[in-house]
**Student:** 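Below you'll find the structure I mean.
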Amino acid sequence: MKKIPWGWVIVVLILIYVGVLTLPYVAHKKVSSAFVKDFEKRSFTNDQAGTERVSYLNDNVEALLYRLRMAEEAKKEIILSTFDFNSDHAGKASRQIFHC
């Protein structure tokens with residue numbers, strides 16, 4: 001009975017693992033120029049109440065102020081699926097506004 005060269009088995013398994021992690025990201029889909037032009041024209045923010053919208057916030061202070069303002073403007077309920085409240089200034093302010 002032959003001995004199994006465990007060193008080579010480990011090397012092969014590591015190569016397979018790295019390949020499985022990286023190969024899906026090698027080929028990228030091509031985006032047509034028509035889609036790019038149409039995409040630039042879309043509006044991602046809206047001032048109307050009740051519509052879905054997205055806003056890009058540059059820093060944590062801006063995000064905290066925006067989150068607190070949204071909580072104060074909530075009329076019926078606030079649903080937090082997952083949120084981590086730290087014991088820093090932002091976490092304390094969030095806990096105060098959410099009463100938790």
Side-chain angles (χ1 to χ4, degrees):
M1 199 180 221
K2 275 184 149 183
K3 280 188 167 182
I4 299 174
W6 289 107
W8 285 106
V9 172
I10 291 172
V11 168
V12 169
L13 289 176
I14 290 173
L15 288 174
I16 291 172
Y17 180 72
V18 170
V20 167
L21 291 176
T22 58
L23 287 177
Y25 301 102
V26 171
H28 296 283
K29 290 183 178 180
K30 301 295 179 196
V31 179
S32 68
S33 60
F35 180 79
V36 171
K37 288 179 184 176
D38 180 50
F39 189 80
E40 291 171 354
K41 295 177 185 176
R42 296 180 190 174
S43 173
F44 292 98
T45 59
N46 197 341
D47 294 330
Q48 297 175 355
T51 60
E52 302 223 6
R53 56 193 174 270
V54 174
S55 294
Y56 180 78
L57 304 174
N58 290 324
D59 60 22
N60 290 337
V61 174
E62 185 180 7
L64 172 64
L65 295 175
Y66 193 79
R67 186 171 45 248
L68 294 175
R69 184 170 55 86
M70 285 192 308
E72 288 175 352
E73 292 177 359
K75 293 183 169 88
K76 189 174 179 181
E77 65 183 351
I78 299 171
I79 300 172
L80 297 174
S81 59
T82 56
F83 205 86
D84 184 17
F85 295 108
N86 295 324
S87 59
D88 59 355
H89 174 70
K92 290 177 183 175
S94 297
R95 284 193 304 273
Q96 285 176 344
I97 198 85
F98 297 134
H99 306 289
C100 59

**Student:** In the hydrophobic cluster built from side-chain contacts under 4.5 Å, what are the other members alongside Ile10?
**Tutor:** Ile14, Val18
**Student:** Suppose we screen for salt bridge (charged side-chain N to carboxylate O under 4.0 Å, His left out). Which residues come up paired with Glu77, at least two apart in sequence or across chains?
**Tutor:** none
**Student:** Would you name the heavy atoms of Pro24 and Gly19 that are closest together and state the gap between them?
**Tutor:** CD-O, 4.2 Å
**Student:** Which residues pass the side-chain contact (heavy atoms from CB on, under 4.5 Å) test with Leu57, not counting sequence neighbours?
**Tutor:** Glu62, Ala63, Tyr66
**Student:** In Å, rounded to the nearest 0.5 Å, how long is the span from CG of Asp59 to CG of Leu64?
**Tutor:** 10.0 Å
**Student:** Atom CG of residue position Asn60 - does it have more than 12 heavy atoms of other residues, nucleotides or ligands inside 6.0 Å?
**Tutor:** no
**Student:** How would you list, by chain and number, every residue that makes a side-chain contact (heavy atoms from CB on, under 4.5 Å) with Ser32, sequence neighbours excluded?
**Tutor:** Ala34, Phe35
**Student:** Kindly write out the residues that satisfy side-chain contact (heavy atoms from CB on, under 4.5 Å) with Ala71, not counting sequence neighbours, or none if the list is empty.
**Tutor:** Ile78, Ile97, Phe98
**Student:** State which residues pass side-chain contact (heavy atoms from CB on, under 4.5 Å) with Val9; sequence neighbours excluded, sorted by chain then number.
**Tutor:** Ile4, Trp6, Leu13
**Student:** Identify whether Ile16 and Trp8 are in the same connected component of the hydrophobic contact network (ILVMFWY, side-chain heavy atoms under 4.5 Å).
**Tutor:** no
